[in-house]
Amino acid sequence: MRTSTYPLHTLKETPADAEIISHQLMLRAGLIRRLASGLYSWMPLGLRVLRKVENIIRTEMDRAGAVELLMPSIQPAELWQESGRWEHYGPELLRIQDRHSREFCYGPTHEEIITDLVRREIRSYKQLPVNFYQIQTKFRDEIRPRFGVMRSREFIMKDAYSFHLDSKSLQQTYDLMYATYTRIFTRLGLKFRAVLADTGSIGGNASHEFHVLAESGEDAIAFSSESAFAVNVELAETFPAATPRPAAQASMQLVDTPDQHTIDELSAFLAAPPEQCLKTLLVKGEDDTIIALVLRGDHALNSVKAAKLDGVLSPLSFSTEPEILACVGCRVGSLGPVNLTLRTYVDHAALAVADFVCGANQEGKHYIGVNWGRDLPEPESFDLRCIQDGDPSPDGSGTVSIVRGIEVGHIFQLGTKYSSAMNAGVLDEDGKHRIVTMGCYGIGVTRIVAAAIEQNHDNHGIIWPSNIAPFQLALAPINLHKSSRLKDAADKLYIQLQEAGIDTLYDDRTLRPGIMFADMELIGIPHRIVMSDRGLESGEIEYKSRTDDQATQIPREQVIEFIRQKLQAVSAN
RNA sequence: CGGAGUGUAGCUCAGCUUGGUAGAGCACCACGUUCGGGACGUGGGGGUCGGAGGUUCAAAUCCUCUCAUUCCGACCA
């Protein structure tokens, strides 16, 4: 491709509304343009990357025996009503009507459609197992689209759905998909981890998320220091303290703590470390009740865990200030478990603290020197908090460290949630009707492009992993317009590179070299060769990879072979 | 949906407090000088100042409403 006829829309300045580096670089490099909140056009250069990602996913899915199909993005309401999700999916589902006022939605996912298809087409156990996939545009009316295509409303997803007679067969396909995802993300050139995930509202036996590791990731992942164990922090268990609680030393006293509301303020005011202070959070329970959760001051509530507690409303929502005032008689900063008549869940770690500080349920007053079993009843303890760096690993080996990740893939064992709701079954060997068991497997294709940049960039721009770079090689001749000899040589080499099958972007714009170099680096082309009149004299061409500090000189006649070897070296990894 | 902020040229922003002919840099067009790391000069094109209403002799500027958008909290590929 020649830059003179290829639209490179690079920006020198960073657009003001782009927050994270991948979004900034995607805009600056001219990969995407925003149409409206959460809606992006893919410019030609960005589309090249997107297609390369899709092709890797497609070949690996095919290799794993999955079969590609394509379902409509617009879906009739009836199927969603049948599964119950027309009611439950909520406002994220974009509902639309046709000219006859019939209700449809723009598909955020395709369980209903594929289940309907399978119940019509698949009659016999002999046709199972089967794994269908598609690569297609989805729409989710996100509450807050952000970070460009990282969390957009319209996005491209690879979604696969497998159907089985029994859970053993499901497990086999699930394991195969796990291995396939591992191959895919490896080929994409990304640093990633598979982590145990919450099955959430979908239910089922097993679920893994695939995360690209990056500082800007929205998810936190806990790793074991000793084993391969990794788990989403949402799900990571914490345990009762290994050592017994220290003996009580202080006596309980009521102290004035005017205007001390947060743990930090309280801790500074009373000169007690945060881990000596207990905080009490009030959340909504069933039947308009209020439930108290007690945690150590330095610990964070895990809302996923809390929402699973008996009597607590799911999803978790906090009690409002007026409700708390009416129920307890004081405001949020002075709550505590002493003489609290609400149903109370105490975290394991909070139970292990002696002589603690807590709110007195009177405005501006706290207790100090409080002890479980003496000043208030000894409670049962629960797992309420988020795991922290240095906590024991849930798998029992070593401690955990926390890193951030971007979720780019998720595999689920669905079980019979959809197939039973929609009566999708086959005849088994005995001629009996059996409801099929399902798995589903998603990859965020557009998100991968952003995640790859998030993980691979420097001050000059994007550094594409070789397999998804929009072009493999930039050919940048200097002062092309001043030397017909150089132009002839560059044109000739460009043709030779094309004949050699090397995906080349030929910068024939006759710009100043600084601009060409800056553009080629911004758009992240992995390899660059520079031609000049000077080089023609010496018979050499300059080569530099995107990550090299120094350029090297290559004899003109060896350059094709040299580039070919560079490309092979990368794809062999 | 709650909280905070921003809307002025394609992009980055100034001007608004204290109302008085709409600006700069980058980008774009022309010409010239330059040209191996985002050059320079001269000239030029481009804006109903997000929209509507109001106050005023006069509104980018003050007031009201509205729309869009970004950031911080609950969902998810």
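Below, chain A is the first sequence line, B the second, and so on; all start at residue 1.
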Practice problem: Measure distances between side-chain N and O atoms of A/Arg151 and base N and O atoms of B/rC76, and say whether any donor-acceptor pair falls under 3.5 Å. | Solution: yes
Self-check item: Of A/Ile156 and A/Ser37, the one whose closest RNA chain B nucleotide lies more 5'
Solution: A/Ser37
Self-check item: First of A/Ala16 and A/Ala551 reached from the 5' end of RNA chain B, by closest nucleotide
Solution: A/Ala16
Spacing of [X] atom [atom1] relative to [N] atom [atom2], expressed in whole Å:
X	N	atom1	atom2	answer
A/Ile143	B/rU70	CD1	C1'	17 Å
A/Lys284	B/rA74	NZ	C1'	12 Å
A/Tyr89	B/rC76	OH	P	7 Å
A/Leu486	B/rG36	CG	C1'	12 Å
A/Arg144	B/rG73	CZ	C1'	8 Å
A/His23	B/rU69	NE2	P	13 Å
A/Asn479	B/rA39	CG	C1'	13 Å
A/Met150	B/rA77	CE	C1'	12 Å

Practice problem: Among A/Leu176, A/Thr180, A/Thr173, find the one that has a side chain to side chain contact (heavy atoms under 4.5 Å, CB included) with A/Tyr441. | Solution: A/Thr173
Self-check item: The single option from A/Leu505, A/Val49, A/Ile462 passing side chain to side chain contact (heavy atoms under 4.5 Å, CB included) against A/Ile523
Solution: A/Leu505
Quiz item: For the residue pair A/Phe382 and A/Tyr345, does the interplanar ring angle fall in the parallel (under 30°), tilted (30 to 60°) or perpendicular (over 60°) class?
Solution: perpendicular
Practice problem: Could you list by number each residue of residues 294-302 of chain A showing a heavy-atom separation from RNA chain B of less than 4.0 Å, or answer none if no residue does? | Solution: none
Practice problem: Respond yes when some side-chain nitrogen or oxygen of A/Arg512 is under 4.0 Å from OP1 or OP2 of B/rA39, and no when none is. | Solution: yes
Distance between the [atom1] atoms of [N] and [M], in whole angstroms?
N	M	atom1	answer
B/rC11	B/rG19	P	31 Å
B/rA60	B/rA22	P	8 Å
B/rG44	B/rA27	C1'	14 Å
B/rG51	B/rG47	C1'	16 Å
B/rC28	B/rG10	P	15 Å
B/rC31	B/rA14	C1'	31 Å
B/rC40	B/rG25	P	11 Å

Under 4.0 angstrom, heavy atoms only, what part of the nucleic acid is [X] near: base, sugar-phosphate, or nothing?
X	value
A/Arg528	base
A/Thr14	sugar-phosphate
A/Asp159	nothing
A/Lys482	base

Self-check item: Cation-pi check, A/Arg528 onto A/Phe517 ring (under 6.0 Å, within 45° of axis)
Solution: yes
Quiz item: Has A/Phe517 got its ring stacked on B/rG36, by the test of a centre gap below 5.5 Å and a plane angle below 30°?
Solution: no
Exercise. Determine whether the side chains of A/Tyr494 and A/Thr504 contain a donor N or O and an acceptor N or O closer than 3.5 Å.
Key: no
Quiz item: Excluding sequence neighbours, so at least two apart, what forms salt bridge (Lys or Arg N to Asp or Glu O under 4.0 Å) with A/Glu60?
Solution: A/Arg63, A/Arg183, A/Arg187
Exercise. May I ask you to check whether over 12 heavy atoms, not counting those of A/Glu215, lie within 6.0 Å of atom CD?
Key: no
